[in-house]
Amino acid sequence: LNFQVENSEVYVGDALGQIRRYYQDKMALNQVAFSMGKYPNCLVWGDLDRIVEVVQNVVENAIKYGDGRMIQIRAGREEEPDSFLIVVRNTGCGLAQKELPHVFDSFFRGSNVGKNPGSGLGLYICRQLMHQMEGEITAGIREEEGELWMEVRIAMRLA
């Protein structure tokens with residue numbers, strides 16, 4: 001697969017604003033508690049459309065594979081001075097801990113997919129896009145809270 005990414009300096013707030021506008025009404029219609037806190041509008045290195053695409057894919061997975069109670073997005077500068085963190089959390093993650101290392105493998109589908117259609121390429125594509133934007137995406141499970149969280153790091157260019 002060949003992905004077109006046009007990196008430049010973009011305001012991450014523009015991407016997050018698009019996400020907020022798109023999902024607020026959608027989540028309300030589906031009666032999913034959706035929250036998105038305040039975030040700084042930092043200048044980051046990446047492709048605005050691809051950042052939106054990655055976050056949308058992660059949120060769509062949260063809708064598809066979560067329990068439908070809650071989806072939360074947090075964003076802000078990380079302790080490392082050259083990165084910005086976007087975290088998507090949802091309740092009701094049914095993914096087994098032993099499957100976690102494979103969620104970014106091409107064609108991988110976890111045991112929690114049920115009858116949900118899919119190809120197993122979404123998170124693989126997200127990782128490829130993030131790497132092309134000099135960023136990273138990781139996943140983890142907080143079993144005590146029953147949620148899946150995704151960390152999307154967007155590398156910032158320092159002048």
Side-chain angles (χ1 to χ4, degrees), residues 3-95 100-101 103-104 110 112 116 118 121-159:
F3 306 104
Q4 293 294 100
V5 175
E6 296 181 23
N7 289 327
S8 64
E9 291 180 337
V10 298
Y11 284 99
V12 73
D14 293 344
L16 294 171
Q18 288 181 41
I19 297 294
R20 183 190 301 272
R21 285 186 297 278
Y22 181 77
Y23 284 108
Q24 271 184 327
D25 292 339
K26 182 177 182 173
M27 298 294 188
L29 285 173
N30 292 314
Q31 297 181 334
V32 176
F34 176 70
S35 66
M36 190 168 175
K38 293 183 179 185
Y39 47 83
N41 192 14
C42 297
L43 194 60
V44 299
W45 184 252
D47 181 319
L48 181 65
D49 293 332
R50 295 305 196 167
I51 293 168
V52 170
E53 181 180 347
V54 168
V55 177
Q56 278 185 324
N57 189 294
V58 173
V59 172
E60 290 298 323
N61 277 359
I63 293 168
K64 198 175 190 180
Y65 303 115
D67 63 10
R69 289 184 307 150
M70 184 274 298
I71 296 175
Q72 174 189 59
I73 300 175
R74 274 189 313 109
R77 299 267 320 248
E78 197 177 43
E79 290 178 15
E80 299 171 28
D82 63 345
S83 64
F84 189 91
L85 184 66
I86 301 170
V87 178
V88 178
R89 292 182 172 180
N90 67 281
T91 55
C93 172
L95 187 69
L100 192 58
V103 296
F104 297 105
N112 64 330
N116 290 313
L121 287 174
L123 293 179
Y124 169 78
I125 291 169
C126 287
R127 179 164 271 177
Q128 300 308 309
L129 292 173
M130 289 307 301
H131 286 176
Q132 286 187 14
M133 291 187 285
E134 300 177 29
E136 187 58 75
I137 183 169
T138 59
I141 299 172
R142 292 187 177 194
E143 294 180 56
E144 68 278 2
E145 298 173 356
E147 53 187 39
L148 172 70
W149 53 272
M150 308 292 299
E151 293 181 8
V152 182
R153 288 195 172 99
I154 301 169
M156 298 177 66
R157 294 284 184 165
L158 300 177

### Test log, rule side-chain contact (heavy atoms from CB on, under 4.5 Å), inputs V59 and M27
CA-CA 11 Å; V59 172; M27 298 294 188; 3.8 Å; yes
Could you check R89 against R74 for side-chain contact (heavy atoms from CB on, under 4.5 Å), going step by step and ending with a plain yes or no?
CA-CA 8 Å; R89 292 182 172 180; R74 274 189 313 109; 3.6 Å; yes
Begin from the C-alpha positions of I63 and V32 and carry the test side-chain contact (heavy atoms from CB on, under 4.5 Å) through to its verdict.
CA-CA 9 Å; I63 293 168; V32 176; over 6 Å; no
What donor-acceptor contacts under 3.5 angstrom involve side-chain atoms of residues 37-44, with partners at least two apart or in another chain?
from, atom 1, to, atom 2, distance (Å)
Y39, OH, G17, N, 3.4
N41, OD1, G13, N, 2.7

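Counting only residues at least two apart or in different chains, side-chain hydrogen bond (donor to acceptor under 3.5 Å, both in side chains) contacts with residues 22-35 comprise Y23-E60, K26-E60.
Note that the CE atom of M130 and the CG atom of D47 stand 11.0 Å from one another [nearest 0.5 Å]. Distance check, rounded to the nearest 0.5 Å: CE of M70 to CZ of F34 gives 11.5 Å. Expressed to the nearest 0.5 Å, how far CG of L129 lies from CD of Q4 amounts to 10.5 Å. With rounding to the nearest 0.5 Å, the separation of CZ in R127 from CZ in F104 is 5.0 Å. To the nearest 0.5 Å, the span separating CE on M133 from OG on S8 amounts to 11.0 Å. Distance check: E6 CD to L48 CG gives 11.5 Å after rounding to the nearest 0.5 Å.
Among all heavy-atom pairs drawn from I19 and V52, the shortest one is CD1-O, 3.8 Å. Heavy-atom minimum distance, N57 versus G122: ND2-CA, 3.5 Å. V103 approaches L123 most closely through the heavy-atom pair O-CB, 3.4 Å. Considering every non-hydrogen atom in both A75 and L16, the closest pair reads CB-CD1, 3.6 Å. Nearest heavy atoms, V10 versus G46: CG1-O, 4.0 Å. Closest heavy-atom contact between T138 and E136: CG2-CG, 4.0 Å.
With sequence neighbours left out, E53 forms a salt bridge (charged side-chain N to carboxylate O under 4.0 Å, His left out) with R50.
When I137, V54, I73 are each tested for a side-chain contact (heavy atoms from CB on, under 4.5 Å) with I86, only one passes: I73.
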